[in-house]
Amino acid sequence: MDHHGPVRDQVLTLWREVGRRFGGHMAERASELDLTQQQAFALHLLSSGPLAMSLLAEKLHCDASNVTGIADRLETRGLVERLPDPRDRRVKQLSLTLPGTELMDAMLERLRENPPLIGNLTEDELRQLADLLQAMLERDDQP
């Protein structure tokens with residue numbers, strides 16, 4: 001018998017609500033910078049370095065044609081550039097431009113301002129939450 005069932009159900013319900021509220025916060029901050037939520041997330045993923053468009057599509061959980069549209073709009077604004085992959089020139093990578101990096105920095109600064117839910121937690125509660133989230137991610141990465 002699964003004794004964790006009711007607790008898991010409660011965690012999943014709470015997790016969805018937390019995700020909904022943070023998603024709304026991110027969408028509002030992105031909109032202030034004339035970005036869609038997916039465009040903002042793409043910029044965030046690219047802030048760690050250039051990515052092949054296929055890998056970006058995988059990380060955004062969408063198909064390649066959708067990423068092409070996102071890339072086109074970001075490129076038109078001068079926020080990203082398409083570069084040939086040094087390992088395979090047929091593959092295109094997306095890379096942030098300086099204006100893209102500056103916009104991503106502005107986005108992160110806005111996200112830090114009055115974040116939903118965590119703004120009222122104590123330092124100790126934040127540490128506990130960070131430790132739990134880290135444990136979740138580490139255990140998910142294990143085979």
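Keep in mind that what you see is a predicted model, and the values were worked out from it rather than measured.
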Apply side-chain contact (heavy atoms from CB on, under 4.5 Å) to residues L55 and L45 and explain how you reach the verdict. CA-CA 10 Å; L55 186 55; L45 291 169; over 6 Å; no

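- A salt bridge is defined here as a Lys NZ or Arg NE, NH1 or NH2 lying under 4.0 Å from an Asp or Glu carboxylate O, and E123 with R127 fails to meet this definition.
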Go through the steps for M26 and F41 under the test side-chain contact (heavy atoms from CB on, under 4.5 Å), then give the verdict. CA-CA 9 Å; M26 183 173 179; F41 192 41; 4.2 Å; yes

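- Looking only at side-chain heavy atoms (C-beta outward), T97 and V80 stay at 4.5 Å or farther from each other.
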So E113 and R110, salt bridge (Lys or Arg N to Asp or Glu O under 4.0 Å) or not? Walk me through it. CA-CA 5 Å; E113 294 171 6; R110 286 172 186 244; over 6 Å; no

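- Taking 4.5 Å as the limit, some side-chain heavy atom of L60 sits within range of a side-chain heavy atom of I70.
- Between L56 and Q93 the shortest side-chain heavy-atom distance does not fall below 4.5 Å.
- The neighbour count for N114 CG, taken as heavy atoms of other residues, nucleotides or ligands under 6.0 Å away, does not exceed 12.
- In this structure, the side chains of L94 and M53 come closer than 4.5 Å at one or more pairs of heavy atoms.
- Summarising the geometry of M104 relative to A40, their closest heavy-atom pair is SD-O, 4.1 Å, with the distance given to 0.1 Å.
- Residue D34 holds its CG atom at 11.5 Å from CZ of R73, rounded to the nearest 0.5 Å.
- To the nearest 0.5 Å, atoms CG (L96) and CG (L46) are separated by 5.0 Å.
- For D63 and S65, the side-chain atoms include at least one donor-acceptor pair closer than 3.5 Å.
- Residue L43 holds its CG atom at 9.0 Å from OG1 of T101, rounded to the nearest 0.5 Å.
- Linking ILVMFWY side-chain heavy atoms closer than 4.5 Å, directly or via other members, places L121 and V18 in a single hydrophobic cluster.
- Within 6.0 Å of atom CG in N120, 12 or fewer heavy atoms from other residues, nucleotides or ligands are found, so the atom counts as exposed in its surroundings.
- Side-chain contact between K59 and L51: present, with at least one pair of heavy atoms (C-beta onward) separated by less than 4.5 Å.
- Hydrophobic clustering (ILVMFWY, side-chain heavy atoms < 4.5 Å, transitive): W15 and L117 are in one cluster.
- Summarising the geometry, atom CG belonging to L33 is positioned 12.5 Å from atom CD belonging to E28; distances are rounded to the nearest 0.5 Å.
- Counting heavy atoms from C-beta outward, D131 and Q134 have side chains that stay 4.5 Å or more apart.
- The side-chain heavy atoms of L79 and Q39, taken from C-beta on, include no pair separated by under 4.5 Å.
- The aromatic rings of F22 and H25 sit perpendicular to each other, their planes meeting at more than 60°, with 30° as the lower class boundary.
- Taking CD from E81 and CG from L74, the interatomic distance works out to 12.5 Å, rounded to the nearest 0.5 Å.
- Applying the salt bridge (Lys or Arg N to Asp or Glu O under 4.0 Å) test between D85 and each of R89, R82, R87 identifies R87 as the sole match.
- Side-chain contact between T13 and Q10 is absent, with no heavy-atom pair separated by less than 4.5 Å.
- For V91 against A52, the heavy-atom pair with the smallest separation is CG1-CB, 3.9 Å.
- Residues L129 and M136 share a single hydrophobic cluster, defined by chaining ILVMFWY side chains whose heavy atoms lie under 4.5 Å apart.
- Interatomic distance, CD of E75 versus OG of S95, reported as 11.0 Å (0.5 Å rounding).
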